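The block underneath contains the structure these notes are about, expressed in structure tokens.
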Amino acid sequence: MSAAPIIVEVAVPSPLYRSFDYRLPPAVAAAPPPGTRVLVPFGRQQLVGMVLGTRQHSDLAPGKLKAVSEILDAEPVFDPELLQLLRWAARYYQHPIGEALATALPVALRKTKPVAGDNGTVWRLTELGREQAPARLAHAARQAEVLEALQSHPQGVAREALPVPLSVLKALQSKGWILEVAVEPGASAPTTAAVPHGLQLTKAQQHAIDSVRVAGDQFRCFLLEGVTGSGKTEVYLQLIAPLLENGRQVLVLVPEIGLTPQLVDRFRSRFQLSICVLHSGLSDTQRLLAWRQAANGQACLILGTRSAIFTPLKNPGLIIVDEEHDGSFKQQDGLRYSARDLAVWRAHQLDIPILLGSATPSLESLYNVQQGRYQHLALAQRAGNALPPHMRLLDLRGQTMHGLLSDALLQTMHRHLHNDGQILVFLNRRGYAPVLLCHACGWVAECRRCDARMTVHRRRGELRCHHCGSQRPVDRFCPACGSSELLGIGEGTERVEQALGEHFAGQTVLRIDRDTTRRKGALENALDAAQSGQARILLGTQMLAKGHHFPGVTLVAILDADQGLFSTDFRASERMAQMIIQVAGRAGRSDKPGEVLIQTHHPDHPLLLQLVAEGYPAFATAALQERREAMLPPYASMALLRAEAAAAQHPRTFLEEACALAESLREDSVQLWGPVTAPMERRAGRYRAQLLVQTAERAALQRLLSAWVPRLDSLKAARRVRWSIDVDPLDTY
Ligand code: ADP
Ligand code: ZN
Ligand code: ZN
């Protein structure tokens with residue numbers, strides 16, 4: 001009689017809210033540990049799944065159990081800690097476990113190829129190799145790639161992590177540039193320690209560092225609220241240094257690495273050891289390399305965007321989330337997680353400190369401080385000799401305007417240029433004009449796929465929709481009446497660039513927005529010109545607002561503060577305040593004082609008045625009070641069920657069915673709002689509607705969601721829509 005088969009529970013990437021049981025082939029004596037990838041038959045396909053555990057019994061009859069086709073890893077790719085984080089995230093954000101796990105894997109590991117084990121050797125640069133510039137190997141791209149990889153990983157890189165044929169390595173070896181060396185087991189500690197020198201800390205910086213150090217090896221969440229230019233980054237660097245020396249790893253999450261190459265440089269130049277930088281520009285193999293180096297402890301400092309929260313860590317000592325208020329920490333499709341919130345959860349589970357930093361903390365984090373959950377650390381003054389920028393509202397009513405440039409603004413700009421200052425002009429609207437209007441009949445160019453207007457991009461002679469990306473040539477004649485009098489109404493960065501060029505002939509005007517920085521390297525070049533002061537007038541969208549340190553900027557001009565003042569979204573004012581303070585924070589960061597002009601037609605608006613007179617903390621206190629009175633997050637929890645379809649009635653029908661189901665499941669404390677059509681109902685050709693679930697009792701929300709969401713696909717109307725659930729949504733439209 002043969003022994004009963006071993007049954008494993010496997011998460012398979014499918015939209016189903018459950019795991020599946022498989023048996024192991026008889027030849028396999030022991031179950032692979034949780035976190036191991038397996039190839040399994042699923043329907044007619046073979047899919048890469050992940051073992052979650054073993055089971056004594058399956059609900060399926062033994063004869064019905066399918067067998068695992070192949071065990072793909074010799075060792076689990078997720079350790080128990082990471083697996084637990086992901087299982088929690090899948091539950092909390094109501095996402096199918098198999099898909100959640102797949103999301104967190106590097107793409108290279110989502111495929112069926114087994115990952116080769118370590119053969120105990122790594123490739124390293126020789127002395128000669130270190131002197132070579134990869135650029136000189138332009139004709140041998142793969143050799144250059146290897147050189148680059150090895151230069152950024154001085155301790156060496158395993159063969160499996162180098163994405164090239166062996167012949168390429170051999171070629172480099174015969175030049176004497178690289179060599180293969182054995183790594184002694186257990187000798188994974190970094191060989192090069194951190195460069196010790198840092199700046200002389202201010203008292204407040206020192207206090208912040210001491211506070212985090214006191215937490216030592218225990219979970220504690222700190223909110224570092226430091227005004228722009230107060231030296232938050234220096235705090236990070238000096239907190240990190242001793243940890244790295246002791247062989248601990250530090251995970252640093254940042255909003256968008258591409259936008260802040262300066263920040264990456266500061267980390268690189270301070271710590272001459274293996275830094276892993278995880279960003280969207282990495283190839284699949286590079287990402288896998290980084291992942292493995294973090295997992296085996298070779299990489300000490302892991303710097304990455306949102307998805308880096310899923311990096312395995314061998315010996316973590318600290319997590320840092322920089323610019324914690326930034327919306328990009330929230331994933332907007334699939335597993336809709338907040339990397340910041342997961343970071344806090346992970347630190348708790350790892351029992352290590354976590355530091356959230358921002359000049360404009362989210363109301364959520366400030367609320368957690370009020371509740372005593374987070375410890376508040378403040379850097380109230382700018383570092384060095386820098387003074388806080390002087391902010392002023394510029395009343396546009398009655399001003400002579402040149403497009404968006406008022407007379408008063410132009411005068412101030414001339415004064416700053418005359419005094420050798422540098423100017424940053426901010427307008428969060430790209431393109432030439434946001435509206436194309438027929439002067440004869442009033443026709444307006446609209447997107448054919450969205451309920452939105454097309455933006456005129458003049459240099460390319462195109463109309464573009466900023467919501468769905470569709471584009472077409474600018475009309476020469478009005479399609480409604482045939483008139484040729486078509487006017488671009490309103491102002492985008494392209495048009496302001498033109499106006500600035502006319503007003504300030506002879507000065508370099510540098511526009512930085514998504515349109516001017518599409519080409520590879522374009523953003524880096526622009527930022528260099530901005531930082532060096534070579535470009536006197538910088539003009540840009542929020543790309544220019546984020547974390548940059550341009551020492552020469554003395555004047556920041558916010559051209560249009562009115563855009564965000566009257567939005568219906570309850571987070572609009574928070575976002576607006578953060579943006580204004582962040583942009584303003586680019587002024588006067590060095591020896592020369594900074595001035596900030598905010599153009600508005602609503603100089604009496606309470607938000608603007610308060611921000612300018614009292615600063616962000618006062619705004620935040622008032623905003624929290626309003627949220628409390630309105631019972632909005634963070635005083636309440638929300639989830640948003642969205643649905644879309646090619647026909648307008650389907651999302652409504654689906655959401656009505658979903659609403660009825662929720663009615664039957666909900667507790668009294670949970671409220672349902674809707675369904676309603678989305679504020680922009682049609683987008684990219686699809687009609688959208690939504691249902692909001694809200695409660696003051698987070699646990700009740702979770703109970704409802706767990707019972708409700710897995711049943712949504714079985715509703716009658718579900719087949720006709722695409723739906724998604726967003727827990728703790730950032731946008732409620
Ligand atoms: P933040 O991240 O808070 O905006 P940064 O860390 O970029 O601020 O610091 C702003 C500037 O102040 C940088 O040029 C930095 O080198 C400098 N700086 C930071 N800390 C100190 C210090 N303790 N003494 C002198 N200069 C400092
Ligand atoms: Zn017309
Ligand atoms: Zn569109």
Side-chain angles (χ1 to χ4, degrees), residues 197-209 224-240 252 254-255 260 262-267 269-270 320-324 355 357-361 377-389 436-455 462-472 475-487 531 545-553 581-591 594 680-686 688:
H197 64 261
L199 298 167
Q200 175 75 39
L201 294 170
T202 63
K203 264 212 181 93
Q205 284 174 322
Q206 189 64 56
H207 172 73
I209 289 178
L224 178 64
E225 182 172 12
V227 300
T228 54
S230 59
K232 291 183 292 297
T233 314
E234 191 61 33
V235 169
Y236 305 155
L237 293 169
Q238 297 206 25
L239 263 176
I240 292 170
V252 182
V254 297
T260 46
Q262 289 178 345
L263 182 75
V264 178
D265 289 347
R266 275 170 85 179
F267 278 90
S269 60
R270 187 69 65 89
I320 294 174
V321 183
D322 189 27
E323 309 290 3
E324 64 89 30
L355 180 64
S358 175
T360 52
L377 302 170
L379 304 179
Q381 252 109 48
R382 285 191 156 179
N385 301 324
L387 295 169
L436 183 70
L437 172 84
C438 172
H439 189 51
C441 78
W443 170 86
V444 165
E446 286 180 346
C447 178
R448 292 177 187 135
R449 309 176 65 218
C450 306
D451 294 328
R453 291 168 167 178
M454 300 293 273
T455 301
E462 274 171 3
L463 293 174
R464 282 201 214 140
C465 173
H466 289 182
H467 301 282
C468 73
S470 61
Q471 51 197 58
R472 59 179 196 255
D475 302 86
R476 306 224 332 262
F477 302 99
C478 171
C481 76
S483 160
S484 62
E485 267 192 281
L486 293 177
L487 310 174
Q531 199 188 358
K546 299 213 166 170
H548 305 292
H549 184 67
F550 305 135
V553 171
I581 297 292
Q582 294 288 347
V583 183
R586 303 312 113 205
R589 292 171 67 91
S590 189
D591 299 335
M680 185 196 296
E681 184 179 11
R682 202 167 50 104
R683 181 167 175 165
R686 300 179 66 86
R688 309 174 313 143

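Please read all numbers here as calculations on a predicted model, not as lab measurements. Remember, it's 1-based here, ligands and their atoms both numbered in the order they're listed.
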Quick check for you: with the Zn ion (ligand 3) as the vertex, what angle do SG of Cys447 and SG of Cys450 span, to 10°?
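Output for this angle: 110°, rounded to tens.
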
Contact check: Cys481 to the Zn ion (ligand 2), N/O/S below 2.8 Å:
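For Cys481, the answer is yes, given that an N, O or S atom comes within less than 2.8 Å of the Zn ion (ligand 2).
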
Taking atom types as modelled and ignoring hydrogens, do the side chains of Arg683 and His467 form a donor-acceptor contact shorter than 3.5 angstrom?
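Looking only at side-chain atoms, His467 and Arg683 do not form any donor-acceptor pair under 3.5 Å.
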
Angle subtended at the Zn ion (ligand 2) by SG of Cys478 and SG of Cys438, to 10 degrees?
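My answer is 110°, to the nearest 10°.
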
Numbering as shown, the atoms of ligand 1 that approach [X] to under 4.0 Å (heavy-atom distance):
X	result
Gln200	22 (C), 23 (N), 24 (N)
Glu234	6 (O), 20 (N)
Ala383	12 (O), 18 (N), 19 (C), 20 (N), 21 (C), 27 (C)
Lys232	1 (P), 2 (O), 3 (O), 4 (O), 6 (O), 8 (O)
Thr202	23 (N)
His549	11 (C), 13 (C), 14 (O)

Looking only at protein heavy atoms, which one is nearest to [atom], and what is the separation?
atom	result
atom 16 (O) of ligand 1	Leu199 CD1, 3.6 Å
atom 2 (O) of ligand 1	Thr233 OG1, 2.9 Å
atom 8 (O) of ligand 1	Gly231 N, 3.0 Å
atom 20 (N) of ligand 1	Gln205 NE2, 3.0 Å

Distance in Å, [X] [atom1] paired with [Y] [atom2], rounded so as to fall on 0.5 Å steps:
X	Y	atom1	atom2	answer
Asp475	Ser484	CG	OG	12.0 Å
His207	Leu379	NE2	CG	9.5 Å
Gln200	Gln205	CD	CD	10.0 Å
Glu462	Thr455	CD	OG1	11.5 Å
Cys441	Glu485	SG	CD	11.0 Å

Would you say Gly229 touches ligand 1, if touching means a heavy atom closer than 4.0 Å?
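In this structure, Gly229 qualifies as a contact of ligand 1 - some heavy atom is under 4.0 Å.
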
Least distance between heavy atoms, [X] atom then [Y] atom:
X	Y	result
Asp451	Met680	O-CG, 3.6 Å
Gln582	Ser358	NE2-OG, 4.3 Å
Asp322	Pro255	O-CD, 3.6 Å

Backbone or side chain, does Cys468 get an N/O/S atom under 2.8 Å to the Zn ion (ligand 3)?
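It does: Cys468 brings an N, O or S atom closer than 2.8 Å to the Zn ion (ligand 3).
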
Of all the atoms in His467, is at least one N, O or S atom closer to the Zn ion (ligand 3) than 2.8 Å?
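Under 2.8 Å: His467 has no N, O or S contact with the Zn ion (ligand 3).
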
Those residues that, when tested against Gln262, pass side chain to side chain donor-acceptor pair (under 3.5 Å) (two or more places apart):
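Gln262 satisfies side chain to side chain donor-acceptor pair (under 3.5 Å) with Gln531 once adjacent residues are dropped.
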
Positive for side chain to side chain contact (heavy atoms under 4.5 Å, CB included) with Val252, one of Ile240, Val321, Val264, Leu355:
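So, applying the side chain to side chain contact (heavy atoms under 4.5 Å, CB included) to Val252 and each of Ile240, Val321, Val264, Leu355, only Ile240 qualifies.
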
Which is closest to atom 15 (C) of ligand 1 by heavy-atom distance: Arg589, Gln582, Arg382, Arg266?
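Selected option, by shortest heavy-atom distance: Arg266.
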
